[in-house]
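Please read the structure below before turning to the comments.
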Protein chains: 2
Amino acid sequence: MGKIEGIANQANRCARCRASVRSVCSLTDCAIHSDIAALSGRRLVAAGQTILANGGQAALVGTVLAGILKVSKTLPDGRERIVSLLYPGDFFGQLFTASMDFAVEAATDAELCVADRLRYESVIRRHPILEHAILQSTSRALAVARESALLLSCLNSLERVATYLLVTTGRRDHLLQEAKLQTSHSVAALGISRADVASYLGTTIETISRHLHYLEDKGVILILDSSHFEVLDRDRLQTIAGVSDDDLRLFMPAELTRTSESRHLQTAIVLPLHRSK
Amino acid sequence: MGKIEGIANQANRCARCRASVRSVCSLTDCAIHSDIAALSGRRLVAAGQTILANGGQAALVGTVLAGILKVSKTLPDGRERIVSLLYPGDFFGQLFTASMDFAVEAATDAELCVADRLRYESVIRRHPILEHAILQSTSRALAVARESALLLSCLNSLERVATYLLVTTGRRDHLLQEAKLQTSHSVAALGISRADVASYLGTTIETISRHLHYLEDKGVILILDSSHFEVLDRDRLQTIAGVSDDDLRLFMPAELTRTSESRHLQTAIVLPLHRSK
DNA sequence: CGATGGTTTGAATGCTGTCAAAATGTGTGG
DNA sequence: CCACACATTTTGACAGCATTCAAACCATCG
C-alpha cells in the first residue's frame, strides 16, 4: 500500500486519500485504512446525479468528501421530499440490506469515497471497531432525523427558514473556527438550490422567498444575492426561530455534537468543489 | 448463571427472562446472554412515567418487553412532539453519549429490560456481535424516522390518520399471523392515548376526531369505541392514505422489514400488560 | 347524582399552497 | 456590447386546510 508519510497525528487519512475527513475515516488504526483503501475509490458526481436509487440495489456505501448529498423519497402520487442532507464526513448508503429505502442524490457537485457494499461489510467483520464508528455515525443521523421531524411539525414555515439560516451559518462558523479563521460578520450560504431547501423544509420556494424578505425588512438579515445572506442580528433570528442552542447543536458537524466519550476526535476542513463547467 | 433448560431453538431467550423478544435479544450466542443477564433487570413502568429525561443523564439503555414507549422532545416555548414510538423488541436509550437528546416515556404501562449504560457498553466491547445487532436496530430506527418525516410533511392530516390506522392494523395482523391465529376482520387499536396519537401525527385531537368520523361516514371503517376501529375496506383506506406497501413495511415489526441477510430471525408475540390498578 | 376527564361538534381565524404574472438574473449568439 | 431566450426569483390574489377557542356531549367513578 506504499509508504505512509508524516503520520503521527495524521493516521486519520486513508493512505491514498488526499482529503482529510471526519467520522468513520478518522479511526486511528492503520490496518483498517489499508483494508478500506484496497476496495474503495474516489468518485466525482455532478449536481443532480443519482448515486443510489430508491428501491434499487444497495450496491455501494461511502463517505462524502466534498459537496452535499440529499437523501430523498417520492410518494406514489409524485410528492417528493428531502429527508436528510449529508455533508463532508457523513457516511451514506445502507449496510446489511439488499435494497435502498431512500434515494441518495448529489445536491451539489460532490466528491465521494465509495466502496462495494458487500466488500465493505467483510471489512467490518474483520474490524469491529469500524462497526463501532458506523454505529456512532448512524446514531447521530438518527438523532438528526428525529430533530428534523420535531422542527418540521412544531415550527411554522418562518421559523423553519430562520432555523435553516442558523444551521448553515453555524456550520460555516464552526468550520472557519476549526481552521482558526476569524470572521467579523457571519454569512449564510444556502449551499443547495432553493427548490431543494423548500423540499427539505417541507414548504415551497414562494413561501421561502416571502420569509427571507420579511426577515430583511425586519433588519435581521441582509440579502446579498439569491443564495447568500448576512446575519445582522443572530439573537433575534434565533428568537424568531424559536429553537434552543441544544436543538441547533445536533445539526453541527459531528465532532462538535458528541459532548464526551467519543473515541476519536479529528478536525478538518474540506473545501467545496468549484462547479464543473 | 444457573442451567439453561430446553435451549436448542430457544437460544434467543435471556437465561432469566421469561419473555421471548426480538432483535437485539435474539442473538444466538449464549455467552452474551449470560453477560447481559448479569447486569440487566426487568422493570415495570406505569403509563406516563419518564424513563429517560431530555437533556438528562443517559444512565441506562434497554429493550421493550411489553407496552409502548414514546420518544419525544419539547421546544423552548412548550410545544411538544412524539418523534417515535417503540414497540416490544425495540431497543431504547443512547449509547456512547453522556446526555439524552430526547426524552423516553411510557405511553402505556410497560415492561422493560434495562441495564446500566456504561456496563452495557463494556459488554459490547467484549462482544462485537452485539454491536452489530444494535447497529441493525439503529439503522432500522433511522429508516423509520426518515419515513415518518416524509409522511409528516407530504401527507395531509386525513392521509396521516389513515396511514396510522393501516400501520396499527398491519402490526396486529403480523403478530397474529406469527402466532398462527387467523382473523376474519382486522381491527385497529390505537394502542396509545388520543393525545399521543395527535402529537405523533403532528396534529390535534379535534382534527383526528373529524377524520375518523369522516372515514366512518364513507364506510371505510367502523368505530367500535373511542380507540378501536374495524377496517371495513382496507384497499380504500390505503388509497386515501396515499402510501405504498413499501412505505408501510418500514413500520412493521423488525423481522419482517429486513428483506434478506439478517443474521438472526426470531418470531415471538408479547402479550400486552393489563393496566395496573 | 354531580363531578371529572375525554370526545365531539361548531364557527372563525390564519397560515400556507396554488396559480399566474411580473421582475430579475444568466448565458448565448449576433 | 447588445439582443434575445431561458431559468429563477419575486410579488400578488385567492382558496382551502387545519388550528384555535368554545360549547355541547358522553363516559366513568366516587
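What's counted below: heavy atoms across the whole structure, side chains too, no hydrogens, waters or symmetry copies. Protein chains get the first letters and strands the later ones, always in sequence-line order, with residue 1 at the start of each.
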**Message:** Among residues at least two apart in sequence or on other chains, which ones pass side chain to side chain contact (heavy atoms under 4.5 Å, CB included) with A:Ala145?
**Reply:** B:Leu142, B:Ala145, B:Arg146
**Message:** Does anything in residues 210-222 of chain A form a side-chain hydrogen bond (donor to acceptor under 3.5 Å, both in side chains)? List the pairs, not counting sequence neighbours.
**Reply:** A:Ser157-A:His211
**Request:** Give the B/S/- string for nucleotides 25-30 of chain D, one per nucleotide from 5' to 3', where a protein heavy atom under 4.0 Å of the base yields B, of only the sugar-phosphate yields S, and otherwise -.
**Result:** ------
Which residues share a salt bridge (Lys or Arg N to Asp or Glu O under 4.0 Å) with [X], sequence neighbours left out:
X	answer
B:Glu105	none
A:Asp225	none
B:Arg236	B:Asp233

**Asked** Thinking salt bridges, do B:Glu111 and B:Arg42 make one under a 4.0 Å N-O criterion?
**Response** yes
**Request:** Enter the distance from A:Asp109:CG to A:Leu44:CG here, rounded to the nearest 0.5 Å.
**Result:** 8.5 Å
**Message:** Return the CG to CZ distance between A:Leu151 and B:Arg79, rounded to the nearest 0.5 Å.
**Reply:** 10.0 Å
**Prompt:** Between A:Arg171 and A:Phe251, is NZ or CZ placed under 6.0 angstrom from the six-membered ring centre and within 45° of the ring axis?
**Reply:** no
**Request:** Please list residues of residues 200-220 of chain B whose heavy atoms come under 4.0 Å from any atom in DNA chain C, ordered by number; otherwise none.
**Result:** B:Glu206, B:Ser209, B:Arg210, B:His213
**Message:** At a heavy-atom distance below 4.0 Å, what parts of residues 147-169 of chain A sit against DNA chain C?
**Reply:** A:Asn156, A:Ser157
For nucleotides 14-16 of chain D, give me every protein contact, N/O to N/O, under 3.5 Å, one pair per line with atom names.
none

**Complete:** Here the pair of heavy atoms bringing B:Leu250 nearest to A:Lys73 is CD1-NZ, 4.0 Å
**Fill in**
Rounded to 10°, the helix from C:dC1-D:dG30 to C:dG30-D:dC1 deviates from straight, judged by its five-pair end axes, by 30°
**Asked** Do A:Arg81 and B:Ser153 get their side chains close enough for a donor-acceptor pair, meaning under 3.5 Å?
**Response** yes
**Item:** Contact boundaries on DNA chain C for chain A, cut-off under 4.0 Å to non-hydrogen atoms
**Value:** C:dT16 to C:dC19
Within the distance-only criterion (no hydrogens, no angle test), does the side chain of [X] pair as donor or acceptor with the backbone N or O of [Y] below 3.5 angstrom?
X	Y	answer
B:Gln238	B:Asp235	no
B:Thr168	B:Tyr164	yes
A:Gln94	A:Asp101	yes
B:Thr108	B:Gly67	no
B:Ser209	B:Ile205	no

**Prompt:** Atom CD1 of A:Ile223 and atom C1' of D:dT11: how far apart are they, to the nearest Å?
**Reply:** 13 Å
**Request:** Only pairs at least two apart or in different chains count here, so list each salt bridge (charged side-chain N to carboxylate O under 4.0 Å, His left out) that has a residue in residues 188-207 of chain A.
**Result:** A:Lys70-A:Asp196
